[in-house]
Amino acid sequence: MIVLTFSLRLLVFLTLSSAVLCECDDNGVIYANGDKWIRNNHFLVTCRNGKIQTLKCVTDSGHLLDVGSKTYVEQGYEYTCAHEQAETLNTNTCPTFADFSDDIFKDRFAICCISRRFKGCVDVNGDIVKDGFFIIGNQSLKYCRIQPNQLMARIEPKGCFNGTTNDDIHDESLHIKKYAVWREGDIEYRCGDDGVHIQRCFPKELKNKAVWAGTAWIQDDGQVKTCGKIH
């Protein structure tokens, strides 16, 4: 009986360990093996054995393109869906007499070629934040954390920022927790993995009846209305 109990515990431990190893971390968001999600608004990806793999590309209108497919033209824009060549970044390739114009960048991290250390994180405007809060697309709030030796850095997800460019990004009253839902006038917003998005609308034309984002309707006067931007 003791051996059986030990075996069961070992089996449970190994199962849990295997599940954890198969998870994917996408900028602080954990996905289970087999999960699918839209990454950076233009890629349908999945988690396979701990690695994020691209399944399809997504155009602005939501059309899915197979990886390796022929060029696709939509509303005057040309789309190509292909695997990116693996980019090898090495600080040893920096010039001997480097200056600030030689900074190198990877996944929103800025690296100084003079010190060959992490310099900071890049915000939505292309500015470098040395440490602290910063914003990327769709008011997505992040925190740039550089270790004292500057050889390691991390971008931490902090929800969303419900303010303007004139507001103080450190004002915590404007910080919205991830997955929080709130309403402003006739619009209901949600803070998701990719920042602030419209979740529902309460149009007066429909007697304030709630409609989900992505819904379109024709009014009595013939006008076509939509809830949120249709991708």
Side-chain angles (χ1 to χ4, degrees), residues 25-29 37-45 52 54 57-62 74-80 84 87 89-91 93-95 98-148 150-182 184-185 187 189-199 213 228-231:
D25 185 338
D26 189 5
N27 287 326
V29 181
W37 68 99
I38 299 296
R39 191 184 196 196
N40 299 330
N41 296 324
H42 287 292
F43 302 98
L44 174 64
V45 299
I52 299 174
T54 300
C57 299
V58 186
T59 68
D60 285 339
S61 69
E74 177 182 276
Q75 297 180 358
Y77 293 95
E78 188 176 278
Y79 292 86
T80 301
E84 222 175 30
E87 180 185 6
L89 207 60
N90 193 319
T91 57
T93 61
C94 287
D99 57 29
F100 292 110
S101 66
D102 295 312
D103 289 346
I104 53 180
F105 301 88
K106 182 174 177 61
D107 298 334
R108 290 200 177 273
F109 291 106
I111 302 166
C112 177
C113 256
I114 299 174
S115 64
R116 304 195 180 186
R117 298 289 189 272
F118 282 105
K119 188 175 184 177
C121 307
V122 183
D123 69 8
V124 67
N125 298 315
D127 297 324
I128 297 175
V129 177
K130 292 185 177 180
D131 188 71
F133 292 107
F134 69 103
I135 300 170
I136 59 174
N138 294 329
Q139 298 297 98
S140 183
L141 184 65
K142 306 292 183 182
Y143 193 94
C144 182
R145 195 178 299 280
I146 309 296
Q147 296 299 319
Q150 294 182 280
L151 290 173
M152 185 175 291
R154 174 174 165 75
I155 295 177
E156 302 173 358
K158 293 295 181 180
C160 301
F161 182 69
N162 191 28
T164 67
T165 53
N166 296 322
D167 292 318
D168 182 6
I169 195 173
H170 297 93
D171 184 352
E172 294 190 4
S173 67
L174 298 174
H175 294 186
I176 307 294
K177 292 183 178 180
K178 194 165 70 169
Y179 304 136
V181 175
W182 70 100
E184 294 180 9
I187 306 295
Y189 297 91
R190 181 177 185 269
C191 175
D193 296 331
D194 297 321
V196 178
H197 296 278
I198 293 176
Q199 176 163 280
K229 184 178 178 181
I230 311 298
H231 292 285

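Since the model is a prediction, treat every value here as computed from it, not as a measurement.
- Note that the NZ atom of Lys177 and the SG atom of Cys160 stand 13.0 Å from one another [nearest 0.5 Å].
- Here the side chains of Val181 and Tyr189 are not in contact, with every heavy-atom distance at 4.5 Å or above.
- No more than 12 heavy atoms of other residues, nucleotides or ligands sit less than 6.0 Å from atom CD of Glu172.
- Shown here are the side chain to side chain contact (heavy atoms under 4.5 Å, CB included) partners of Ala180, two or more places apart in sequence or in another chain: Ile176.
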Quick one: side chains of residues 123-137, donor-acceptor pairs under 3.5 Å with protein atoms, not counting sequence neighbours, listed by atom name and distance.
| residue | atom | partner | partner atom | Å |
| --- | --- | --- | --- | --- |
| Asp123 | OD1 | Asn125 | N | 2.9 |
| Asp123 | OD1 | Gly126 | N | 3.0 |
| Asp123 | OD1 | Asp127 | N | 2.8 |

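- Remark: side-chain polar atoms of Arg145 are not paired, donor with acceptor, to backbone N or O of Arg154 under 3.5 angstrom.
- With contacts defined as side-chain heavy-atom distances shorter than 4.5 Å, the pair Thr91/Cys113 does not qualify.
- Of the inter-residue distances, the one linking Gln150 atom CD with Phe118 atom CZ reads 10.0 Å to the nearest 0.5 angstrom.
- Judged as a side chain to side chain contact (heavy atoms under 4.5 Å, CB included), and not counting sequence neighbours, the contacts of Ile52 are Cys24, Asp26, Trp37, Arg39, Val45.
- A donor-acceptor pair under 3.5 Å is formed between the side chain of Asp168 and the backbone N or O of His170.
- In this structure, SG on Cys191 lies 12.5 Å from CZ on Phe161, to the nearest 0.5 angstrom.
- The disulfide bond (SG atoms under 2.5 Å apart) test applied to Cys112 returns no partner, not counting sequence neighbours.
- Within the 4.5 Å cutoff, no side-chain heavy atoms of Asp102 are placed close to those of Ile114.
- Take Asn166 and apply the side chain to side chain contact (heavy atoms under 4.5 Å, CB included) test, not counting sequence neighbours, and it matches Thr164.
- For the pair Lys119/Ile146, no side-chain contact is recorded, criterion being any heavy-atom separation below 4.5 Å from C-beta on.
- Rounded to the nearest 0.5 Å, atoms CD1 (Ile111) and SG (Cys94) are 8.0 Å apart.
- Under the 4.5 Å side-chain criterion, counting only non-hydrogen atoms from C-beta, Asn162 is in contact with Glu184.
- How far CG of Asp167 is from OG1 of Thr165: 8.0 Å, rounded to the nearest 0.5 Å.
- Residues Phe43 and Ile38 form no side-chain contact, since every pair of their non-hydrogen atoms from C-beta on lies 4.5 Å or further apart.
- Applying the side chain to side chain donor-acceptor pair (under 3.5 Å) test to residues at least two apart or on different chains, none of the pairs has a partner in residues 132-141.
- Side-chain atoms of His42 come within 3.5 Å of backbone N or O of Val58 as a donor-acceptor pair.
- Taking CG from Asp107 and SG from Cys121, the interatomic distance works out to 11.0 Å, rounded to the nearest 0.5 Å.
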